[in-house]
Protein chains: 2
Amino acid sequence: MLAAVKMAKHHPDAKWVYEKVSREIPNISLGTVYRALAALSAEGLIREYRRADGPSLYDPNTEDHFHIRCRSCGRIEDVPPVQLPDDMLESIRRASEFARVDQVRLEFGGICSACAEKTRE
Amino acid sequence: MLAAVKMAKHHPDAKWVYEKVSREIPNISLGTVYRALAALSAEGLIREYRRADGPSLYDPNTEDHFHIRCRSCGRIEDVPPVQLPDDMLESIRRASEFARVDQVRLEFGGICSACAEKTRE
DNA sequence: AATGATAATAGTAACGGTTATCAATAACGA
DNA sequence: TCGTTATTGATAACCGTTACTATTATCATT
Ligand SMILES: [Mn+2]
Ligand SMILES: [Mn+2]
Ligand SMILES: [Zn+2]
Ligand SMILES: [Zn+2]
């Protein structure tokens, strides 16, 4: 299971993992896949990437990075971490009714080069 | 409908709007509420805030701002826009296989002061 | 090996939120 | 008034995920 996610060069969802693993364990159930993926995430071996408009993706890359999504084809790609202002969290804390501000979620959107090619014709 | 969302001092979801509007139009359907909210969003009068772990929220505040979420109680609050590095999008474009990078989604997480009080006791 | 206790699993139902469908109704224009 | 078009309420379908449960596997003890 871990191997299946780790071998993926993209960001697979539970169904993809299920189909991949099913080839070796033909009658595994989707529920077991979800359980295993949740366990692996909890151990920090993979990361779950929850999305609003589709299934969760499971990320073999556990290093600090962000994601960019093509609004034309939905393709998701890794982008290296960007340096955010050092005082950002602290300034957000001051500007809000929050006692602690310690999480940031950042993602980008745009048009991937493949889609840019297509529409340029 | 617009009035219902605009009067909300928080970020209502479709069900909240439905219940609110039902008091004036008793047999309105949830579908109509969804349709109206989508139309208002398309017109730019409100903004839909899609989330992974719960219903979409509809935001009466159409000005540029971000959101912060309390991981203890789920409370969502507005935070004013932060100044991001000017070259951020361009550097992301260079670091990725994307032809265009023009969208940023940023949100924060933490503990709201009410929850901080509670757990400090 | 046989037993019982405990854990993991497959299969499937239920869930929450949203969208699609469609017949009924309303609005409009000639 | 009539025919056309748009909107609506009611409800089914949808999707991804989680809950449930009966069955099966695992393991320690005799
Ligand atoms: Mn990634
Ligand atoms: Mn807001
Ligand atoms: Zn694309
Ligand atoms: Zn809170």
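Reminder, nothing fancy here: chain letters follow the sequence lines and each chain counts from 1. Computed over heavy atoms, backbone and side chain alike; hydrogens, waters and symmetry mates excluded.
- Between B:Y18 atom OH and C:dT18 atom C1' the separation is 15 Å, expressed in whole Å.
- For A:D102, the side chain to side chain contact (heavy atoms under 4.5 Å, CB included) partners at least two apart in sequence or on another chain are A:R100, B:R71.
- The interatomic distance linking A:R51 (CZ) with C:dT18 (P) rounds to 16 Å, in whole Å.
- Among residue pairs with one or both ends in residues 85-111 of chain A, none qualify as ring pair (Phe, Tyr, Trp, His ring centres under 6.0 Å); sequence neighbours excluded.
- Residues satisfying the salt bridge (charged side-chain N to carboxylate O under 4.0 Å, His left out) test with A:R50, not counting sequence neighbours, are A:E48, B:D53.
- Contacts of A:E90 classified as side chain to side chain contact (heavy atoms under 4.5 Å, CB included), with partners at least two apart in sequence or in another chain: A:R93, A:R94.
- The CG-C1' distance, from B:L37 to C:dT18, rounds to 12 Å in whole Å.
- B:I25 belongs to a hydrophobic cluster whose other members, connected by ILVMFWY side-chain contacts under 4.5 Å either directly or through intermediates, are B:M1, B:L2, B:V5, B:W16, B:V17, B:Y18, B:V21, B:I28, B:L30, B:V33, B:Y34, B:L37, B:L40, B:L45, B:I46, B:Y58.
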Protein heavy-atom contacts under 4.0 Å, written 5' to 3' over nucleotides 9-16 of chain D as B (base), S (sugar-phosphate only) or - (none), form the string BS-----S
